[in-house]
Amino acid sequence: MSSEEIIKADLENIKYYYIRKYVLDTYFNDFMVNNILALTEKYNKVMESAPVKLYHFYILKYLKGCTQEFIANEMGFTHTTICDIHNSLIQWLCNHIDKDE
């Protein structure tokens, strides 16, 4: 798997977790912890130093689970620009995330 594919898969797992956080956290408290907690911490820490536009997009798309249409309206950009921001986020993460952690 390429770095880009790994990051996209990680981001989808992060989004799944945050969309279902309440239920999953209950399971983690009752049964066991999953490595998703470490993964979210890793990405959230790296995103602290991201350009603000990428950070804003990351929060809306992956932590809040918003659609790109909603994000375009929220950020005041066209859908095409939002697609470009998404691609920029993936590339930025490829350059800044340590894939070996």
Side-chain angles (χ1 to χ4, degrees):
M1 228 194 244
S2 72
S3 293
E4 191 172 310
E5 291 171 326
I6 291 169
I7 286 171
K8 286 179 179 180
D10 285 349
L11 289 172
E12 286 304 313
N13 281 320
I14 289 168
K15 182 168 77 174
Y16 184 90
Y17 167 69
Y18 274 100
I19 289 171
R20 294 155 184 86
K21 186 177 185 325
Y22 177 76
V23 171
L24 291 171
D25 284 351
T26 301
Y27 294 158
F28 297 158
N29 288 334
D30 291 343
F31 302 106
M32 63 188 116
V33 176
N34 185 277
N35 68 354
I36 191 63
L37 299 176
L39 186 67
T40 59
E41 185 177 317
K42 175 182 170 180
Y43 275 77
N44 291 346
K45 185 70 177 162
V46 169
M47 288 306 298
E48 289 176 359
S49 63
V52 70
K53 193 184 307 180
L54 298 182
Y55 176 81
H56 190 193
F57 180 87
Y58 172 79
I59 296 290
L60 292 172
K61 174 83 174 163
Y62 295 106
L63 304 190
K64 295 204 166 272
C66 299
T67 65
Q68 287 193 352
E69 180 180 348
F70 177 89
I71 296 168
N73 290 330
E74 178 74 15
M75 292 180 75
F77 294 116
T78 66
H79 181 56
T80 302
T81 301
I82 291 301
C83 290
D84 292 341
I85 292 170
H86 188 221
N87 291 334
S88 295
L89 173 65
I90 300 299
Q91 290 308 308
W92 190 87
L93 284 168
C94 281
N95 293 326
H96 291 87
I97 198 105
D98 181 4
K99 277 108 26 224
D100 297 326
E101 274 187 16

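For the single chain, residues carry numbers from 1 onward in sequence order. The model shown is predicted, which means the values in this text are computed figures rather than measured ones.
Criterion: ILVMFWY side-chain heavy atoms under 4.5 Å apart, direct or through other members. Under it, V23 and L39 are part of a common hydrophobic cluster. Y27 and Y22 end up in the same hydrophobic cluster when Ile, Leu, Val, Met, Phe, Trp and Tyr side chains are linked at under 4.5 Å. Taking hydrophobic clusters as Ile, Leu, Val, Met, Phe, Trp and Tyr residues chained together by side-chain heavy-atom distances below 4.5 Å, I36 does not share a cluster with I19.
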For this session: For S49 and W92, run side chain to side chain contact (heavy atoms under 4.5 Å, CB included): C-alpha distance rounded to whole Å, both residues' side-chain angles, the deciding distance at 0.1 Å, then the answer.
Result: CA-CA 11 Å; S49 63; W92 190 87; 3.8 Å; yes
Discussion item. L24 vs N34, test: side chain to side chain contact (heavy atoms under 4.5 Å, CB included). Steps then yes/no.
Written reply: CA-CA 9 Å; L24 291 171; N34 185 277; over 6 Å; no
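Within 6.0 Å of OH in Y55 there are 12 or fewer heavy atoms belonging to other residues, nucleotides or ligands.
Interatomic distance, OG1 of T40 versus OH of Y17, reported as 6.0 Å (0.5 Å rounding). The CD1 atom of I97 sits 9.0 Å away from atom CE of M47, with the distance rounded to the nearest 0.5 Å. For the atom pair NZ of K42 and CD1 of I14, the computed distance is 9.0 Å after rounding to the nearest 0.5 Å. Here N73 contributes atom CG and T78 contributes atom OG1; the two are 11.0 Å apart, rounded to the nearest 0.5 Å. Atoms CG and CD1, on N87 and I90 in that order, are 7.5 Å from each other to the nearest 0.5 Å.
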Side-chain donor-acceptor distances from residues 57-72 under 3.5 Å, at least two apart:
{"residue": "Y58", "atom": "OH", "partner": "N44", "partner atom": "OD1", "Å": "2.6"}
{"residue": "Y62", "atom": "OH", "partner": "H86", "partner atom": "NE2", "Å": "2.6"}
{"residue": "T67", "atom": "OG1", "partner": "F70", "partner atom": "N", "Å": "3.1"}

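For the pair I7 and L89, the minimum side-chain heavy-atom distance is 4.5 Å or more. For the pair H56/K53, no side-chain contact is recorded, criterion being any heavy-atom separation below 4.5 Å from C-beta on.
Residues in residues 9-24 take part in these salt bridge (Lys or Arg N to Asp or Glu O under 4.0 Å) pairs, two or more places apart or across chains: E12-K15, K21-D25.
A salt bridge is defined here as a Lys NZ or Arg NE, NH1 or NH2 lying under 4.0 Å from an Asp or Glu carboxylate O, and K8 with E4 meets this definition.
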